[in-house]
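A short worksheet on the structure shown next.
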Amino acid sequence: MELVGDLSTPAFINALNRFFDRRGRSITVYTDNATNFVGANRKMKEWSDLFHSEQNKKKVHDALTDLGVQWRFIPPRSPHFGGVWEAAVKSMKHLLQKTVGNAHLRFEELSTVLTRAEACLNSRPITPMSSDPNDTSFLTPGGRFC
C-alpha cells in the first residue's frame, strides 16, 4: 500500500517508482480501468477524466516505457479479473477498519498505519515449505521464509 497526497499523474508515477524501488521492477503492471470513478460524484468524474486523458496516458506510458514495464488494463466492469489483488484490498480495508475506525489521521500517521498493516498482512503464512510435520517454516505473501 502506498499513500499519496493526490491523484495526479506525477504522484502516481512517484508512488510506482517507490514501489519498484522497494520491491523490484515489475515486467507487467495490471490495473483496473478506473470505472469505479465514473458516477461516484463530480470530483471523481474529474479525476477519472484526468486519468483517461491522452496527456496523462502519454506521461504514464512514457514513464513505464523508460522503465521497461508494460501496463495492461483488465476489461471494464470486470473486477473478478483482479480477484487476487481485490482479495488483498479487502483484507487491507478490513484491517484498517478494525484499527483506525472513524479516526481522523494526519498523512504521516496514516502512512505509518498503512505500513504496519502491510507488514502484518505480508507476514501471514500461506503454505508450509515442506511436508515434514517437524519443519515449521512457511512461505508468506511478502516472499519471506519464516
Side-chain angles (χ1 to χ4, degrees), residues 1-129 136-146:
M1 292 301 267
E2 185 71 37
L3 184 62
V4 295
D6 59 55
L7 294 176
S8 68
T9 302
F12 170 76
I13 292 170
N14 287 333
L16 189 63
N17 279 318
R18 287 190 298 273
F19 178 85
F20 288 162
D21 291 345
R22 288 184 183 123
R23 292 170 185 85
R25 186 176 304 139
S26 300
I27 295 170
T28 306
V29 173
Y30 289 90
T31 62
D32 65 17
N33 274 302
T35 54
N36 55 324
F37 292 151
V38 179
N41 63 36
R42 198 175 93 227
K43 192 62 172 174
M44 290 293 224
K45 177 74 169 114
E46 290 173 19
W47 289 339
S48 176
D49 291 344
L50 173 65
F51 183 78
H52 290 292
S53 73
E54 288 306 315
Q55 180 182 6
N56 178 63
K57 285 182 181 178
K58 182 170 176 20
K59 283 182 185 177
V60 171
H61 181 267
D62 290 349
L64 292 175
T65 300
D66 289 345
L67 294 171
V69 176
Q70 196 173 47
W71 189 7
R72 298 199 180 198
F73 290 102
I74 63 171
R77 294 173 178 71
S78 302
H80 58 284
F81 275 74
V84 173
W85 70 73
E86 292 294 339
V89 169
K90 180 180 178 182
S91 295
M92 178 61 86
K93 284 181 177 179
H94 180 74
L95 186 56
L96 288 175
Q97 178 118 28
K98 294 289 185 184
T99 57
V100 176
N102 292 327
H104 297 282
L105 303 177
R106 293 188 311 259
F107 188 91
E108 293 82 11
E109 294 168 329
L110 184 55
S111 181
T112 300
V113 169
L114 285 173
T115 302
R116 289 186 174 178
E118 179 184 351
C120 177
L121 292 174
N122 283 340
S123 66
R124 298 176 301 162
I126 294 176
T127 186
M129 293 301 294
T136 59
S137 62
F138 54 86
L139 179 65
T140 67
R144 294 193 177 109
F145 304 102
C146 300

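For the numbers below, each heavy atom of this structure counts, side chains included, while hydrogens, waters and symmetry mates do not.
Atom CD1 of I126 has more than 12 neighbouring heavy atoms from other residues, nucleotides or ligands inside a 6.0 Å radius. By the neighbour-count criterion of 12 heavy atoms within 6.0 Å, atom CZ of R23 is densely surrounded, having more than that number from other residues, nucleotides or ligands.
You'll find the side chain of P125 stays beyond 4.5 Å of the side chain of L139, heavy atoms only. For the pair R18/V4, a side-chain contact is recorded, criterion being any heavy-atom separation below 4.5 Å from C-beta on.
Note: H104 NE2 to L110 CG = 12.5 Å, rounded to the nearest 0.5 Å. Going from atom CZ of R25 over to atom CG of N17 covers 8.5 Å, rounded to the nearest 0.5 Å. Rounding to the nearest 0.5 Å gives a distance of 11.5 Å between CG of L3 and CD of E109.
Side-chain atoms of S111 never come within 3.5 Å of backbone atoms of F107 as a donor-acceptor pair (strictly under, hydrogens ignored). Between the side chain of R124 and the backbone N or O of L121 there is at least one donor-acceptor pair closer than 3.5 Å.
S123 and F138 make their closest contact through O-CE1, 4.1 Å (heavy atoms, listed as atom of the first residue, atom of the second, distance).
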Exercise for the section: Using the side-chain contact (heavy atoms from CB on, under 4.5 Å) rule, take T112 and L105 through it: C-alpha gap first, then chi angles, then the decisive distance, then the call. Expected result: CA-CA 10 Å; T112 300; L105 303 177; over 6 Å; no

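Using a cut-off of 4.0 Å between Lys/Arg side-chain N and Asp/Glu carboxylate O, R22 and E2 are scored as salt-bridged.
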